[in-house]
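A short write-up of the structure that comes next.
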Amino acid sequence: MEARIQKLEIETATFITDVAVIRSNYATKSDIAGLEVKIVALEVTMAGLETKMVKWFIATAFGMAGLMIALAGLAFTAGRYVH
């Protein structure tokens with residue numbers, strides 16, 4: 001009987017240690033709430049970057065179109081004087 005009690009004490013101590021390790025590795029409600037705040041801030045930052053990127057793409061497209069028009073005008077002008 002005494003051997004069984006000692007075995008139960010050892011298993012209980014092991015179980016308590018395992019539960020303590022599990023608890024130390026799990027996220028708490030406050031950890032998750034803090035993560036949610038960080039995710040929202042990241043979403044706001046990404047939305048701002050998306051707006052900047054769209055503006056950059058549009059400006060680049062207009063710049064390239066203007067350059068192409070200027071080069072075409074230059075080519076036509078040069079063509080008049082070359083022949």
Side-chain angles (χ1 to χ4, degrees):
M1 183 75 164
E2 193 172 314
R4 288 181 67 189
I5 291 175
Q6 286 179 347
K7 183 180 176 186
L8 281 174
E9 286 177 349
I10 292 170
E11 289 177 356
T12 303
T14 304
F15 180 74
I16 289 172
T17 303
D18 290 345
V19 170
V21 169
I22 290 170
R23 283 188 176 177
S24 69
N25 291 328
Y26 278 172
T28 62
K29 288 182 182 180
S30 63
D31 293 337
I32 293 171
L35 186 59
E36 287 175 351
V37 169
K38 289 180 182 178
I39 289 172
V40 169
L42 181 61
E43 288 174 347
V44 170
T45 302
M46 288 178 66
L49 290 174
E50 181 183 8
T51 303
K52 287 180 182 178
M53 287 177 66
V54 169
K55 289 178 183 178
W56 186 84
F57 286 143
I58 291 171
T60 302
F62 277 114
M64 290 177 68
L67 181 63
M68 294 305 293
I69 291 169
L71 289 176
L74 183 64
F76 284 121
T77 303
R80 284 184 181 181
Y81 294 110
V82 169
H83 74 270

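Positions are given from 1 along the sequence.
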Walk me through it: do L35 and D31 pass the test side chain to side chain contact (heavy atoms under 4.5 Å, CB included)? CA-CA 6 Å; L35 186 59; D31 293 337; over 6 Å; no
So, taking the atom named CE in M64 and the one named CG in L71, what distance separates them when rounded to the nearest 0.5 Å? 11.0 Å
Please report the closest heavy-atom contact between V21 and S24, naming both atoms and the distance. O-OG, 2.8 Å
Separation between CD1 (I22) and OG1 (T17), nearest 0.5 Å, reads 11.0 Å
Taking atom CD of E11 as the centre, report whether more than 12 heavy atoms of other residues, nucleotides or ligands fall under 6.0 Å from it. yes
If you round to the nearest 0.5 Å, how far is CG of L67 from CG of L74? 10.5 Å
Nearest 0.5 Å, what's the CD-CD distance between E9 and Q6? 7.0 Å
Hydrophobic cluster membership, with links at side-chain heavy-atom distances under 4.5 Å among I/L/V/M/F/W/Y: are F62 and V54 in one? yes
Point-to-point distance, once rounded to the nearest 0.5 Å, from CD1 of I5 to CE of M1: 5.0 Å
As an exercise, state the distance from CD of E50 to CD of E43, rounded to the nearest 0.5 Å. 12.0 Å
